[in-house]
Protein chains: 2
Amino acid sequence: MVVEIAPRDTLTEAEIDAIFQALADATRRDIVARVLVREQSVSTLAASYAMSFAAVQKHVAVLERAGIITKARRGREQIVHGNARTIESARGLLERYEELWRHRIARIDDLLSTEGDRHAHS
Amino acid sequence: MVVEIAPRDTLTEAEIDAIFQALADATRRDIVARVLVREQSVSTLAASYAMSFAAVQKHVAVLERAGIITKARRGREQIVHGNARTIESARGLLERYEELWRHRIARIDDLLSTEGDRHAHS
DNA sequence: ATAACGTACAACCATATGGTTGTAGAAATT
DNA sequence: AATTTCTACAACCATATGGTTGTACGTTAT
């Protein structure tokens, strides 16, 4: 049902929400790690966890909606494989935050020299 | 109420959950970006968003529990500042996933040479 | 053809999440 | 001393999340 054209490199806020949300669960992170190493069927994945097949299926669906994994039919099974590009997008975002952090001193200096320093303490 | 000893460099699954969960909301990501650039009070932050003070306060609490920001009292206001180390931990995790991805071909070759290739297609 | 396997999905449940309003207290201002 | 500012937190509400079981359907195997 997802239309999946060529992957944009600009993500909407909602898409970023979905990516981090998908990664905010240990079972899902484990699924990601497994399929990045070696793609495998949903039922194979399900056998690895102490929960129902349906539960694992839902986790896979969450990861799929976030674009972190994709599924491809092979006969009666659905093969799950990882999409490193999406993970890279998330990493890029975190790197930009770190970049903001590294530049914070310069920015503060800038603000102090251009603005008045009302409320400044030290 | 949080006891905050020296920061470990190994995170528990629950802590990782909290970090990604905290980043899975556009308002909270914006708060992070703001305080990384320039630390500011909770009420200053609250003034930036079209939601109640209490709602923003909750977002700040979520980020604080995840260790992404910390608060420090300055008179009657609570100054929020970013903790880039936690963000770096998250980035490190994503990098490890990408590393798994980069090595997948070698692993598949390894598996194919040791195992039989039942179901192999191409 | 029948059985078994792999998947999909609906219905349900408990708890978490993201928002609200209201109350209360501590610190600064007047 | 009285008032305002900033923060904290409880109570509440609607919706989302993570799990379950049950049913159905296409694909492979017997």
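The sequence lines fix the lettering, A, B, ..., with proteins before strands; numbering per chain opens at 1.
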Qualifying residues under side-chain hydrogen bond (donor to acceptor under 3.5 Å, both in side chains), relative to A/S89, sequence neighbours excluded: none
Within residues 20-30 of chain A: residues closer than 4.0 Å to DNA chain C (heavy atoms): none
Side-chain N,O (A/K71) to OP1/OP2 (C/dA8) below 4.0 Å: yes
Interatomic distance, A/L45 CG vs C/dA8 P [rounded to whole Å]: 12 Å
By salt bridge (Lys or Arg N to Asp or Glu O under 4.0 Å) - contacts of B/R91 (at least two apart): A/E98, B/E88, B/E95
Check the interface with nucleotides 24-30 of chain C: list each N/O to N/O pair with the protein under 3.5 Å, or write none.
from   : atom 1 : to    : atom 2 : distance (Å)
C/dA27 : O3'    : B/R76 : N      : 3.4
C/dA28 : O4'    : B/R76 : NH1    : 3.4

Set of side-chain hydrogen bond (donor to acceptor under 3.5 Å, both in side chains) partners for A/D17, sequence neighbours left out: B/R29
Between NE2 on residue A/H103 and CG on residue B/L36, distance to nearest 0.5 Å: 12.0 Å
Set of residues satisfying side-chain hydrogen bond (donor to acceptor under 3.5 Å, both in side chains) with respect to B/T27, sequence neighbours excluded: none
Results of side chain to side chain contact (heavy atoms under 4.5 Å, CB included) for A/A24 - residues two or more places apart only: B/F20, B/Q21
Side-chain donor or acceptor of A/N83 paired with backbone N/O of A/G67 under 3.5 Å: yes
Phosphate OP1/OP2 of C/dC5 contacted by A/S43 side-chain N/O (<4.0 Å): no
Side chain to side chain contact (heavy atoms under 4.5 Å, CB included) partners for A/T12, two or more places apart: A/R8, A/A14, A/E15
Side-chain donor-acceptor pairs under 3.5 Å in residues 51-64 of chain A, sequence neighbours left out?
from  : atom 1 : to    : atom 2 : distance (Å)
A/S52 : OG     : A/A55 : N      : 3.1
A/H59 : ND1    : A/R28 : NH1    : 3.2

Gap between atom CZ of B/R76 and atom OG of B/S41 - 0.5 Å precision: 10.5 Å
Proximity to DNA chain D (any heavy atom under 4.0 Å), residues of residues 47-59 of chain A only: A/M51, A/S52, A/A54, A/A55, A/K58, A/H59
Sequence-distant partners of A/Q40, side chain to side chain contact (heavy atoms under 4.5 Å, CB included), two or more places apart: A/R34, A/V35, A/T44, A/L45
Atom-to-atom span, CG of A/D17 to C1' of D/dT15 - whole angstrom: 15 Å
A/I79 CD1 to C/dC5 P, straight-line distance once rounded to whole Å: 17 Å
